[in-house]
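Report on the following structure.
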Amino acid sequence: MKMVDIDSVSKLYNGGKALDNISLEIYEGERIVILGPSGCGKTTILRLIAGFIAADTGSISIAGEMVSRNGRIIKPPEQRNLGMVFQDLALWPHLSVKGNIEFGLKARGLPKIERERRVRETLHLAGMAGYADRKPAELSGGQQQRVALARALVLEPRVLLMDEPLSSLDLELNVRLRKEILRLQEKLGFTLLYVTHDRDEAFGMATRVVIMSKGRVEYEGTVDDAQKYFNR
Amino acid sequence: MERRVFLTCIVILLLAIGMLPVLSMLIKSVIVDGHFSLASYGGLLTSAHQWTLMRHSMVLSSLVTALTVAVGMLLGILLGKTDLPFRRFFTVLFVIPLLIPPYIIAVSWFDLLGREGLLVHLLGVSATRETARFLFGLPGCVTVLFSIFLPIPMLLTMIFLRTINPGLEEAGRLVSGWRGVMKGITIPLILPGVLLSAMLVFLLSFGEFSVPNFLRYDVFPVESFTQFSAFYNFKAATAAAVPLAAVTLILLFAEAAFLRERTYQLRPSPGIKRLPLIGLGAHRKWLFVPVAITGLVIVIVPIVVLVIQSAGIDAYAEALNRAGASLLRSLIYAVIGATLLTFLGFFTGYLIHTKALRCWRSVDSLTIFLFALPSTVIGIGLISLWNTTWTNFIYSTPMIIILGYLAKYTALTSRISVTQLAQIPSSMEEAAQVAGAGWFRRMGFILVPLARRGLLAGWLVGYIFLLRDTGITMLVYPAGHETMPVRILTLMANGSPQLIAALCMVMITATLLPAGILWMTPGIMTKKAIK
C-alpha cells in the first residue's frame, strides 16, 4: 500500500526554490532515508508531509487520502496520524517524561487508565521505564532521544518522520540508537522516513535511499545501488 | 584586568547614583536630633489614614494588574501569534499610551468625560455628572492606568512567544489542534513572562503618582509627594515612601526566587527564525472587531479628544509661548540623559551578560529594584543626599535631574543591552582577543559596532521614558529648570483646557516624532540579527 505520495511538489523560500518538482512514493513498512547536504530541501519535505507548511504546487497524499494540494492544507498536522522526531528533539521542558509522552494521548481524549497503560508500555519499549517523572533537562542526550522516540511512537503513527535525530550524538551512541530504531521499526511495523546528511547512517537505516541536491531528487534506489552511485 | 577595573567602576557608579540616595533617605528618617528614633514611622501602623492609603494602593494596583494582564496577554497572543489583519499597526497603536506621560491620558479622558467635557454636547449635563463621577476615583484611575500599562503584558507576551523554539509547538501540532497546543505547551512556556509583566504592572501602578493625583484618588505616592512638596515634611514623606519601597522589595525577592532563572532561559535565541502562526480562518474578522474597538477607545479617542480640544493656532501659539523653554529643556535633558543611560546600560548589560564580576546578579537586581521603586522614593532620596552645602553644585543644577534619570531607568538600557549581546556569538569577542586586541579595543571595534542596533534602541527607549518622566523631575527640578511635563502639571491649575490640550499634543509630538523617524528610517531599526 502506498503510504505517502508526493506528487510534483515545489516550494519557494525567499524567492529561491527549496523544492523543485519533487515526486516520491513511499510504501507501507518501508524505511526511506533522504540523504543530502544542508539546504538541499530534505527537512522541507518532512515539514510538508507533517503539514507545518504547504507546497506552492503539487499534492501530498497519506494512506490514499489527499492532505494538501497547490498551497492549501486540507488536513492539519494533528489529523494526519504521523509521528515526528525533531533534529533538536523539541522535548517540552516544562513537562516530565510522562507528560511529554502523554500529551498526544490526552489531546485524543483517551481515558486515564488507557493513557497510563500506553505510557508505561512505550516507556518500557524505549528502555526508559523508571524515568517517567524526570524533566527532559535531567536526562542525558541518549535518554532524551529515547523519550523523543517514545513520544512519537506512543500514538502508533502510520509514518514516523525523523529529522536528523542522531546528528548531535557521538558515534557510539549514534550506532546504538540506530539499532534501537531498527528494532522498534521491525517490531511495530511503522513506515519510516528518515532524513540525514550522513552516508553511513543512511546506508545503515534504509531499505531505499533518496539522494537530494539543490531541491531536486538526484537519485532513488536500493542501498547497494546508492553506494555504487557514490563510488562511480 | 582592564575589564575588571572598568566594570568595577561602573558598579561603584551605579551604587553611588542609585543606592546611596535611598540609603541616605532611610538613615536620615531614623535619626532625630542626632539620635536613632523610629518616631517618623510611629504612625505607619497605627494611623487609620495610612491603612486607607495602603488599601487604596493595593486595590488600585491589583485591579489594574488583573485587567491589564488578562487583556494584554490575549492581545499579545492575537498580535504575536495569529494572522489577525493589521497586527503590526495594532501593536504600534497599543504601545502609544505607554510612551507619553501618563497624566496626558488622564487629561484627555477628563476633557471627554468631565462635567464640562466634550461629551456634554452629546449627552447633556446630567450624563457627564455621572461620567465625571466615574472618572474621579478608583474606576477612572483603573481605566486610565489600564490603557497606559496594557502594552507591558502585551509586548512581553509577544516577546516571550518569539523565544519559544517552534519545534516545541510543531511537536504538539502533530497530535493536537492549536487550542490544545496553546493550553498545554505555549502558555505554560510563556507563563514566567506573563507573571513578570504582572509584577511590573503591579509595581508601576503602585508607584504611579500623576494619574491618581490628577483623578484625586489617595494612594501612597500622592501622600508622599504631598507631604514633601506641600508641607516640606521630609520625615512624613519618607514614612509614606517606605511602604512603597518595602512592597517593591518583597515582589522583587519573589521574582528573583521564582521567576528569574525561568525568564533567563527564555531569552531570545539567535537561531530561531520561523514562527508558526495560528490561522484564524473564519474567526479573523470577528476577532478583528474587538481588537479594533479596544484600540479605538483606549488610544485613538483620547488623542482625538486632545486634537479637538486644542484646535486652533492660538492654543498652540500660547502653548509654545508659555512652555517653549520647558520643552527645549525637556528635549536637552532627555537627549543628554538617554546618551548617558545608553553608556551606563550597555556596560551594566555587558557585566550581566558575561557575568564578568561575581556581583553581576546583585547589579541586575539593583537596577530592577531602582526601576520598580516609585519615583517619589528616588526623588526624596536624591534630595536627601545632595541637598548639602558641599553638593549644591549638583542639587541646584539640572545634574540632579540627570542623576535621577540614571538611577531610575538604567534597567531599561541594561536589559536591552543584555538581549542584544545575547545575539552576538561570544566567538566574535574571543576572535579579537586571540588576535591580540585589548578589552577597550574589543569593545570599541567589535562589540559596540555589532550591538549598535541595541544601543540605538536603548537610546530611543531611554529618550522616550526620560521625556515622559514626571515623578522624579517634579520633586527634584531646581528653580528655573522645570521640564515640559512638570510645566504642564503646574499650568493645569490655572490654564485653559485648550492650552493644556495643546501642551499635551506638543508633548506627544515631541515624544513620538523621533521614535517614528528612527523606526521608519530603513536600515536603522530593521536590520536582521547577526548570524
Side-chain angles (χ1 to χ4, degrees), chain A residues 13-14 18 43-44 46-47 49-54 72-73 75-96 99-110 115 135-137 147-149 151-161 163-165, chain B residues 81-83 160-161 163-196 258-283 526-529 531:
Chain A
Y13 266 136
N14 301 325
T43 297
T44 305
L46 289 195
R47 293 173 56 75
I49 295 171
F52 300 138
I53 49 174
R72 198 165 68 87
I73 289 178
K75 273 202 159 197
E78 71 272 20
Q79 290 173 19
R80 297 188 180 191
N81 194 17
L82 304 170
M84 184 161 177
V85 179
F86 293 78
Q87 188 170 11
D88 60 359
L89 304 182
L91 292 176
W92 300 307
H94 61 298
L95 299 181
S96 63
N100 265 274
I101 297 171
E102 200 180 20
F103 182 84
L105 300 172
K106 273 186 182 169
R108 294 200 179 170
L110 264 67
R115 291 202 309 261
K135 287 279 174 70
V147 175
L149 195 58
R151 184 179 69 180
L153 292 178
V154 74
L155 290 165
E156 297 166 4
R158 293 184 288 206
V159 183
L160 178 64
L161 310 172
D163 185 7
E164 304 202 42
Chain B
K81 193 74 199 164
T82 71
D83 60 351
F160 276 78
L161 282 171
T163 66
I164 296 175
N165 175 358
L168 297 177
E169 288 175 331
E170 286 174 354
R173 288 284 287 123
L174 284 171
V175 291
S176 171
W178 266 116
R179 191 177 293 192
V181 172
M182 290 301 293
K183 192 177 148 199
I185 296 163
T186 311
I187 290 176
L189 284 174
I190 63 164
L191 205 56
V194 175
L195 292 175
L196 181 70
F258 301 112
L259 287 177
R260 188 74 54 89
E261 288 306 321
R262 293 184 191 186
T263 47
Y264 272 128
Q265 281 168 14
L266 288 169
R267 200 177 284 163
S269 152
I272 293 173
K273 291 168 205 154
R274 60 196 152 82
L275 290 172
L277 288 183
I278 302 171
L280 294 173
H283 299 297
T526 51
K527 230 170 180 176
K528 283 184 179 168
K531 289 180 184 145

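To find a chain, count down the sequence lines: A is the first, B the second, and so on, and within it residues start at 1. Just so it is clear, the structure is predicted and the values come from calculations on it, not from any experiment.
When every heavy atom of B/Ala171 is checked against every heavy atom of A/Arg151, the shortest pair comes out as CB-NH2, 3.3 Å. When every heavy atom of A/Pro93 is checked against every heavy atom of B/Leu168, the shortest pair comes out as CD-CD1, 3.9 Å.
Summarising the geometry, atom CD belonging to B/Glu170 is positioned 11.0 Å from atom CG belonging to A/Leu46; distances are rounded to the nearest 0.5 Å. In this structure, B/Ile187 CD1 and A/His94 NE2 are separated by 10.5 Å, a value rounded to the nearest 0.5 Å. Atom CZ in B/Arg173 sits 12.0 Å away from atom CG in A/Leu82 (nearest 0.5 Å). Atom CG of A/Leu95 and atom CG of B/Leu189 lie 8.0 Å apart (nearest 0.5 Å). Atom CG of A/Leu155 is separated from atom CG of B/Leu174 by 9.0 Å, given to the nearest 0.5 angstrom.
Take A/Trp92 and apply the ring-ring contact (aromatic ring centres under 6.0 Å, His included) test, not counting sequence neighbours, and it matches A/Phe103.
Interface check for chain A: of the options B/Gly279, B/Gly180, B/Gly172, the most heavy-atom pairs under 4.5 Å are formed by B/Gly172. Note: A/Pro77 leads A/Pro77, A/Ala50, A/Ala90 in heavy-atom pairs under 4.5 Å with chain B.
Heavy atoms closer than 4.5 Å to chain B are found in the backbone of A/Leu91, but not in its side chain.
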